[in-house]
Amino acid sequence: MLDMKFIRENVELVKKSAVDKHISCDVDRLIEVDQKRRDLQQQLDGFRTQVREDGQRVGLLRNPKSDWYKRAVAEGKSEADIQAEATEVQAELTKIKPKVKQLEDEVGPILEEFEQLMLTIPQPADDGAPVGKDDTENIEVKKVGEIPTFDFEPKDHVQLATDLGILDIERGVKLAGSRNYVLKGLGCLLHQAVLRMSQDMMVQRGFTPMTVPVLVREQVMAGTGYFPAGRDQAYLCERDELSLVGTAEVPLTAYYADEVLRESDLPIKLCAMSTCFRREAGAAGKDTYGLYRIHLFDKVEQVIIAPNDIEQSKKYHDEILQNSEDVLQALGLPYRVVNVCTGDLGMGQAMKYDIETWMPSRESYGETHSASRFYEFQARRLKLRYRDGAKKIHFCHTLNNTVVASPRILIPLLELYQNKDGSVTVPEVLRPYMNGCEWIGPA
RNA sequence: GGAGAGGUGGGUGAGUGGCUGAAACCAACGGUUUGCUAAACCGUCGUGCUGGGUAACCCCGGCACCGGGGGUUCGAAUCCCCCCCUCUCCGCCA
């Protein structure tokens, strides 16, 4: 969410940035509703002032112990006069009541519309983000690692893992429909090893590991920017008014919502391993093969809650990017980093780096990580604030990045570590997490 | 699921119809005192929206907010209704 004052003063900029992001929103209507809201509020405030002041007078005139009453008596007014005055004032206020009620009825829907509209205005992209229409216009920032060549015909991860008996897509679909799977045996252990290794790295780097709810309230989804626009992407448990999160970013970022932190508490660095649920609505027919686009996966996520300072935000953005790069380097996977263009940025993101890991079967880099910086966008929605040394309150800045998401990361991992005989070598860093297992062979 | 208690400012907690946006205490911040620490004393100390003046940091007003939403009343933290949440006991399950 943006500051309404900022929107009022930068209408054209806000409009343009929405166009650049390919997000439709009605800024003109917002300006209109805002004006109306302020006009009505002022009228209403005027009436309320009168009701308060005159109402108090009634009370004082009716109270023989009050100064007002004594003063009136001193001025020679009779008991009857005083009571008559009170009754008169009261009668006037009774006449005002319907006017107040009418204004209140008018302002209610306006306020509601105002709030709804505010939620649809995207965060303008940072100058550092390239302007572009979609992911084809993202700009490569760097490439790390060699793309290996095989001296045999490599298998894709589905073939490979199915042959090894560590992946069962058919029965996953039987249990839960398309885009589901079952990892078994060493496949399950490999999946968990990647997650555990990554989490340990984050803990070593000072991130507090958390176990968080993955079924959260509406406000938490809206606060992080996933609702209302992304509603169709979430699994809703409507009976309980809760939604399954698509990422632990949601509960982590909202953890301190509605609170005022101390500046000395910042930055707050959190990470969480959680299951992620995604409907993938509108993705029908896209990436239907294998473990790339699935409804349920596990992910270690990192979140930084930072002070309201653009330079620091940029610094932390680099930091969370580096953390994830280090995970890929530890795993020995070749990847590249792209600066995501405006057309591919989400609602609240000012800037985003995606990390794409080389996936032989796709003959391309595939997105495995997404490092976003939001400035105040999420914090405003969440009322996530801190008090500085001068006791002034500011909204925090928030950032997040994938540490590792599995099984998607198993696609490059399995494919790149496969051997001619159909076995897979376990990367060294993962072996301690797999009881020393060095090698996955046919069952 | 049943019974009871309760939700008030950063915290504890008073307040049952009227100068109460809210006592007191604690924490925090500023100051005095001080060889250091500590203590004592004085002062400041909610948030949001909004109007106006100098408009960067500032100053003066208005309104809203005492879990949420409705209602009664000239006037509601205080009375009534609905909902949510927390705690305790019982039951049930692990």
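Computed from a predicted structure; not experimentally measured. Chain letters run A, B, ... following the sequence lines, proteins first, then strands; residues in each count from 1.
Mapped onto RNA chain B by nearest heavy atom, T94(A) and D34(A) fall at different nucleotides, with D34(A) at the one closer to the 5' end. RNA chain B is contacted by both R387(A) and Q90(A); R387(A) maps to the nucleotide lying nearer its 5′ end (nearest heavy atom per residue).
Residue K392(A) places its side chain closer to rC57(B) than to any other of rC19(B), rC74(B), rC57(B). Checking rG48(B), rC74(B), rC85(B) against the side-chain heavy atoms of R217(A) singles out rC85(B) as nearest. Nearest nucleotide to the R48(A) side chain, out of rC19(B), rC63(B), rC57(B): rC63(B). Of the candidate nucleotides rC49(B), rG48(B), rC74(B), rG48(B) has the atom lying nearest to any side-chain atom of R385(A). The side chain of D45(A) lies closest to rC63(B) when the candidates are rC63(B), rU50(B), rC19(B). Comparing rG48(B), rG62(B), rG51(B) against the side chain of Q42(A) picks out rG51(B) as the nearest. The side chain of K97(A) approaches rG75(B) more closely than any other nucleotide in the set rG71(B), rC19(B), rG75(B). Here rC63(B) is the nucleotide among rC63(B), rC74(B), rG46(B) with the atom lying nearest to any side-chain atom of R52(A).
Look at the P atom in both rC41(B) and rA24(B): the space between them is 15 Å, to the nearest Å. As rounded to the nearest Å, rA23(B) and rC85(B) have C1' atoms that lie 27 Å from one another. rG21(B) and rG15(B) have their C1' atoms separated by 13 Å, with the value rounded to a whole Å. Rounded to whole Å, the separation between the C1' atoms of rC80(B) and rU86(B) comes to 24 Å. Between rU33(B) and rA22(B), the two C1' atoms lie 34 Å apart (nearest whole Å). Comparing rG46(B) with rG11(B), their P atoms are spaced 14 Å from each other, to the whole Å. Of the C1' atoms belonging to rU20(B) and rA77(B), the separation is 9 Å, rounded to the nearest Å. A gap of 25 Å separates the P atoms of rU78(B) and rC87(B), to the nearest Å.
Of the charged side-chain nitrogens involved, none lies within less than 4.0 Å of a carboxylate oxygen, so that K36(A) and E106(A) do not count as a salt-bridged pair. Between K352(A) and D344(A) there is no salt bridge, since no side-chain N of the basic residue sits under 4.0 Å from a carboxylate O of the acidic one. Electrostatic pairing of R385(A) and D258(A) does not count as a salt bridge here, judged by no charged N lying under 4.0 Å from a carboxylate O.
The nucleotide rA64(B) finds its pairing partner in rU47(B), both defining distances of the Watson-Crick or G-U wobble pair being shorter than 3.5 Å. Across all strands shown, rG17(B) forms no Watson-Crick or G-U wobble pair with both distances under 3.5 Å. Pair assignment for rA24(B) gives rU12(B), based on Watson-Crick or G-U wobble hydrogen-bonding distances that are each under 3.5 Å. Pairing of rC41(B), defined by two Watson-Crick or G-U wobble distances under 3.5 Å, is identified with rG31(B). The base-pairing partner of rA3(B), taking Watson-Crick or G-U wobble contacts with both distances under 3.5 Å, is rU88(B). Searching all strands for a Watson-Crick or G-U wobble partner of rU78(B) with both distances below 3.5 Å returns nothing. Across all strands shown, nothing is found opposite rU54(B) as a Watson-Crick or G-U wobble partner with both distances under 3.5 Å.
One atom, OH of Y256(A), and another, P of rG10(B), lie 17 Å apart when rounded to the nearest Å. The distance between atom CD1 of I393(A) and atom P of rC57(B), rounded to the nearest whole Å, is 15 Å. Counting to the nearest Å, the P atom of rC49(B) and the CD1 atom of I110(A) are 19 Å from each other.
With no hydrogens or angles considered, a side-chain donor-acceptor pair links E376(A) and N308(A) at under 3.5 Å.
Contacts of V260(A) with the nucleic acid, taken as non-hydrogen atoms under 4.0 Å apart, are absent. Contact annotation for R262(A): no contact, since no heavy-atom pair falls under 4.0 Å across all strands. Across all strands, K101(A) comes closer than 4.0 Å only to sugar-phosphate atoms, never to a base (heavy-atom distances).
No close placement of the F277(A) and H295(A) rings is indicated, their centers lying 6.0 Å or farther apart.
Put simply, the side chain of Q349(A) does not reach to within 4.5 Å of the side chain of F377(A), judged on heavy atoms.
Exactly one of I82(A), L60(A), N63(A) qualifies for a side chain to side chain contact (heavy atoms under 4.5 Å, CB included) with Y69(A). That residue is I82(A).
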